[in-house]
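Okay, so here's the structure we're looking at.
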Amino acid sequence: MIEARRLHILRAVADHRTVTAAAAALYLTPSAVSQQLTSLEQETGHRLVERGAKGVRLTPAGEILLSHTNAVLAQLERAEAELAAYGKGEAGTVTVAAFATGIAQVVAPALARLGRSAPGIGIRVRDAEGDASLRMLLDRQVDVAVAVEYRGAPPADDPRLTHLPLYAEPFDAVVPLGHRLADDGEVPLSELSKDPWIGPYPGNPCHDVVVLACESAGFQPRLEHSSDDFRAVVALASADAGVALVPRSALRGMDLTGVVVRPVDGVAPTRRVFAAVRRGAEAHPLIRPVLEALGQAAAGG
C-alpha cells in the first residue's frame with residue numbers, strides 16, 4: 001500500500017530537484033525525506049530517483065508514479081472539499097499569496113467583500129512575487145496564489161493546478177522628464193534600444209515581460225539598474241538613470257515627479273494575472289468563495 005504522504009514527498013522532490021530543497025519546503029529534514037523516498041521505493045518495488053552531482057532526477061518508474069501522483073493528490077483535495085462541504089465548512093482561514101500590486105488590485109477588495117458576504121472566512125495574506133507564490137501553493141504553504149504568466153510558469157492545463165484568469169494590464173513606458181521622447185503621445189520601444197534600462201531582477205515575471213517586449217522590438221534591453229520595487233524603478237527614472245516599462249496599476253498613487261508616463265506604440269506589453277489553487281481544491285467551501293470574490297474584484301464588481 002502506497003502512503004499518500006510519500007507521494008507528496010515524491011512530487012516535492014520532482015519540483016525542487018534536490019532533497020535539501022524539498023525538505024525545506026516540506027519542513028522536514030533531508031534525512032527524513034530520503035528515508036521516505038526509500039520506503040516508497042520499497043512499497044513500489046522500483047527505483048524512483050537517481051542522485052547526481054546536479055541534484056535528483058526521477059527514473060522512468062518515478063515519472064510514471066509522478067503522473068499518477070498528480071491525479072491521486074487532486075482526488076484527495078476533492079475528497080477534503082466534499083467532506084468540508086458535508087460539514088458545512090463555513091468558518092476557517094484561507095491563506096493567499098500575491099504580489100504587491102495584485103494585493104492592492106484584487107486581494108484587498110476581495111477581502112473586504114468577504115468580510116460582508118462570508119464573515120466566517122478569514123484571509124491571511126502573504127506578499128510574494130508571482131513565481132514564488134506558485135511554489136508556495138504547490139508546497140502547501142498557502143491555499144491560493146495570485147500569480148502572473150511568465151516563461152517557465154506551470155501552464156493552464158498543469159495537472160497539479162486549477163487556474164482562474166483574473167485580469168490583464170498593459171505596461172507603460174516611463175522616461176525621465178527631459179527625455180527626447182517625453183513630448184510624444186506614444187513611445188515606440190525600438191526608439192529606446194540605445195537607452196539604459198531599469199527593471200526587475202531575472203526571475204521576476206515582470207522581467208520576462210520587459211525582455212520579451214524589447215526582443216519583439218528588435219533589441220535586448222541594457223539593464224543598468226535592477227529592483228523589484230516599482231517605486232524604486234520610477235525614482236531611478238526620475239533621476240535620469242534610465243527608462244523603464246511599468247505595469248499601469250503599479251503607477252497608481254505613485255509620485256511621478258520627474259518622469260513622463262506614456263503608452264507604448266503598437267501592441268503594448270501585457271501581464272496576465274490569474275488565481276491558482278491545487279487541482280481539486282477549487283470546490284472547497286472555504287476556497288470557492290475566495291475565488292469568486294477575487295473574480296468579482298477583478299471584474300470591478
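Bear in mind the structure is a predicted one, so any value in this text is a computation, not a measurement.
Atoms CG and CD, from Leu28 and Gln35 in turn, are 10.5 Å apart once rounded to the nearest 0.5 Å. Summarising the geometry, atom CG belonging to Asp255 is positioned 11.5 Å from atom CZ belonging to Arg231; distances are rounded to the nearest 0.5 Å. Between the CE atom in Met136 and the CD atom in Glu129 there is a gap of 11.5 Å [rounded to 0.5 Å]. For the atom pair Arg5 CZ and Leu76 CG, the distance stands at 14.0 Å (nearest 0.5 Å). The CG atom of Leu138 sits 7.0 Å away from the CG atom of Asp158 when rounded to the nearest 0.5 Å.
Listed by chain and number, the residues in a side chain to side chain contact (heavy atoms under 4.5 Å, CB included) with Thr38 are Gln42 (sequence neighbours excluded).
As a member of the Ile/Leu/Val/Met/Phe/Trp/Tyr network built from side-chain separations under 4.5 Å, Leu192 groups with Phe171, Val175, Leu177, Leu181, Val187, Leu189, Trp197, Val209, Val210, Phe219, Leu223, Val243, Leu245, Val260, Val264.
Remark: side-chain polar atoms of Asp143 are paired, donor with acceptor, to backbone N or O of Thr95 under 3.5 angstrom. At least one donor-acceptor pair closer than 3.5 Å links the side chain of Arg279 to the backbone N or O of Pro159.
Side-chain polar atoms of Thr29 and Ser31 form a donor-acceptor pair below 3.5 angstrom. In this model, a donor atom of one side chain and an acceptor atom of the other lie less than 3.5 Å apart for Asp195 and His179. Between the side chains of Thr44 and Arg6, no donor-acceptor pair is found at a separation under 3.5 Å.
Arg57 has a carboxylate O that lies under 4.0 Å from a charged side-chain N of Glu50, or vice versa, which qualifies the two as a salt bridge.
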